[in-house]
Amino acid sequence: MNADNTKNLDVLGPNDDKWLGEYSQVHMNVFGTPLRVMDHGEGTHVWDVDGNRYLDFLAGIAVNSLGYAHPAWVKAVSEQAAKVAHVSNYFASEPQIELAAKLIELAGAPEGSRVYFGNSGAEGNEAAIKIAKLHGRTLADDGSSRIIALVNGFHGRTLGALSATWKPAIREPFQPLVPNIEFVEARDTEALKNAFAATGKDGKGPVAAVMMELIQGEAGVRPVGADFVAYARELCTENNALLIIDEVQTGIGRTGSWFAFQRKELSGGVKPDVVTFAKGVAGGFPMGGMIAFGSKVADLFTPGSHGSTFAGNPLGAAAGLATLSTIEQEHLFANVEARGAQLRDGIMASGNPLYESVRGCGLLDAVQLSHPCAHAVMNWCLEHGLIVNAVRADALRFAPPLIVSESDVEEALAILKAVPADLPDD
């Protein structure tokens, strides 16, 4: 465990201390104080500026699909950077076109499907909300159509995405937000049915779209339920509404399939109308976007409907192609399944009374804690060389790189087993 560390990791080293002091003087305080200042990484490990090594079981919040400095990724990005990095949206590039075609193929989207590229998950979800608004205009030209989102859902912090995000603490300071977005509880089919049935009552317009994650990551890695998703698909089809599935965190192999909707136990086997993606798609390079399934949805966007200067740039597209091809060539889905099961089983076999239960799919997992001490556990793990995430006060989230090895998981389990069960509550 962390064999090459010689210092006590619960004390900041001199370089960390120096840089964090400077950080607070130049950065807006939107993230709080960073835990460490990182310098470089390799594989599943990352080193801070004082030379301390950490096993990363968060992967930049499910971003670094191939870990750090994967040779195929480095080669693709280096070669593309030496060729052309950016051309603006007045022009196209071969990597951009190839990546869009590959994503449509991997999603199993029908003929006529199209991709919109952005630079983040929030941007992908903003695009999806705009396309839902355009669809809503075909149902009610007075702009009264509604979007149904889920309680505990998270879609981003930009204004439109935030409007579909549940968490009151981050919503309320920015109200009023985009109107006509309503929330229902995940798994509550009656509430969803009533939301559709409210059309025409009290001035409410038709439902243009239902927007959801299949696993609510920020809620503590909680699946919304295959039966609920299937019922949402049924209601959307019956009422000419779009089903938008946010795969920002679950997509690109994280659950053991290219997209979580392709796993029947998560989606009930439904096909969405729109899928958004980001995080792991370019293996650490900022990229996001959406896939519109079929020409009817894709054709809602016309020139000028949406856009982004940097979206789909050749450098990001090359990173995306390298990430997807490496996942295929290294058969990482099998690894995702095996290592996820190893992690979940190992936590429950650890005998640590702090761990009540585990949940998740593939390499997006969480452990339920016996008392709300997640931040103390996260900090203890960090001090012992393991990066995990206190996603809720009573839950830890794990999202390691898809290349994580059996020995990596054993190293993480050894640290998790040793966590004191009596750490202070948050």
Side-chain angles (χ1 to χ4, degrees), residues 1-82 85 119-120 278-287 315-316 318-320 322-323 326 363 375-391 396-405 407-412 414-416:
M1 179 186 72
N2 214 42
D4 59 349
N5 284 343
T6 58
K7 294 185 279 290
N8 188 358
L9 296 185
D10 64 353
V11 178
L12 286 177
N15 293 318
D16 259 322
D17 191 48
K18 169 186 175 292
W19 282 111
L20 288 176
E22 294 188 19
Y23 177 96
S24 66
Q25 300 302 311
V26 295
H27 280 270
M28 289 188 175
N29 188 29
V30 294
F31 300 114
T33 302
L35 299 169
R36 297 290 188 276
V37 178
M38 294 306 186
D39 181 71
H40 69 280
E42 182 178 357
T44 54
H45 292 86
V46 62
W47 283 260
D48 69 19
V49 289
D50 286 298
N52 299 309
R53 188 195 73 168
Y54 304 87
L55 175 60
D56 188 357
F57 264 49
L58 186 57
I61 315 180
V63 169
N64 299 328
S65 303
L66 306 180
Y68 295 91
H70 191 288
W73 190 91
V74 171
K75 181 176 185 291
V77 171
S78 300
E79 290 180 353
Q80 188 62 50
N119 306 284
S120 67
K279 289 195 180 289
V281 68
F285 194 96
M287 175 171 282
L315 191 58
T323 301
T326 301
L363 286 174
H375 282 88
V377 177
M378 177 185 72
N379 289 328
W380 192 95
C381 287
L382 185 68
E383 291 161 7
H384 291 77
L386 176 66
I387 298 173
V388 296
N389 175 232
V391 68
L396 290 179
R397 172 171 53 178
F398 309 98
L402 308 188
I403 63 165
V404 67
S405 69
S407 61
D408 289 332
V409 176
E410 288 302 320
E411 180 181 345
I415 297 171
L416 291 167

Distance check, rounded to the nearest 0.5 Å: [X] atom [atom1] versus [Y] atom [atom2]?
X	Y	atom1	atom2	answer
Thr33	His27	OG1	NE2	12.0 Å
Tyr68	Met38	OH	CE	7.0 Å
Arg397	Met378	CZ	CE	11.0 Å
Gln25	Leu20	CD	CG	12.0 Å
Trp19	Leu12	CH2	CG	15.0 Å
Ser120	Met287	OG	CE	11.5 Å

Legend entry - Residues Leu55, Ile387; criterion side chain to side chain contact (heavy atoms under 4.5 Å, CB included); working and verdict: CA-CA 6 Å; Leu55 175 60; Ile387 298 173; over 6 Å; no
For [X], look at atom [atom1] and say whether over 12 heavy atoms of other residues, nucleotides or ligands are found less than 6.0 Å away.
X	atom1	result
Glu410	CD	yes
Lys75	NZ	no
Ile61	CD1	no

Nearest heavy-atom pair of [X] and [Y]: which atoms, and what distance?
X	Y	result
Val409	Phe57	CA-CZ, 3.9 Å
Asn15	Val49	ND2-O, 3.3 Å
Arg36	Asp48	CD-OD2, 4.0 Å
Asn64	Gly284	OD1-CA, 3.6 Å
His45	Asp408	CE1-OD1, 3.7 Å
Asp50	Asp16	OD2-N, 2.9 Å

Got a donor-acceptor contact below 3.5 angstrom from the [X] side chain to the [Y] backbone?
X	Y	answer
Ser24	Gly21	yes
Ser65	Gly280	yes
Trp73	Ala282	yes
His384	Trp380	yes

Legend entry - Leu396 and Val377: CA distance, side-chain angles, deciding distance, side chain to side chain contact (heavy atoms under 4.5 Å, CB included) verdict: CA-CA 8 Å; Leu396 290 179; Val377 177; 3.4 Å; yes
Taking side chain as C-beta onward, heavy atoms only, is [X] less than 4.5 Å from [Y]?
X	Y	answer
Asp56	Thr44	no
Leu416	Phe398	yes
Tyr54	Leu382	yes

Inset, instruction - Test side chain to side chain contact (heavy atoms under 4.5 Å, CB included) on Leu58 and Asn389 and set out the steps. - result: CA-CA 7 Å; Leu58 186 57; Asn389 175 232; 3.6 Å; yes
Inset, instruction - Quick one: do Val77 and Leu315 satisfy side chain to side chain contact (heavy atoms under 4.5 Å, CB included)? Show the steps, please. - result: CA-CA 6 Å; Val77 171; Leu315 191 58; 3.8 Å; yes
Inset, instruction - Hey, can you tell me if His40 and Trp47 have their rings parallel, tilted or perpendicular (30° and 60° cut-offs)? - result: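 His40 and Trp47: parallel rings.
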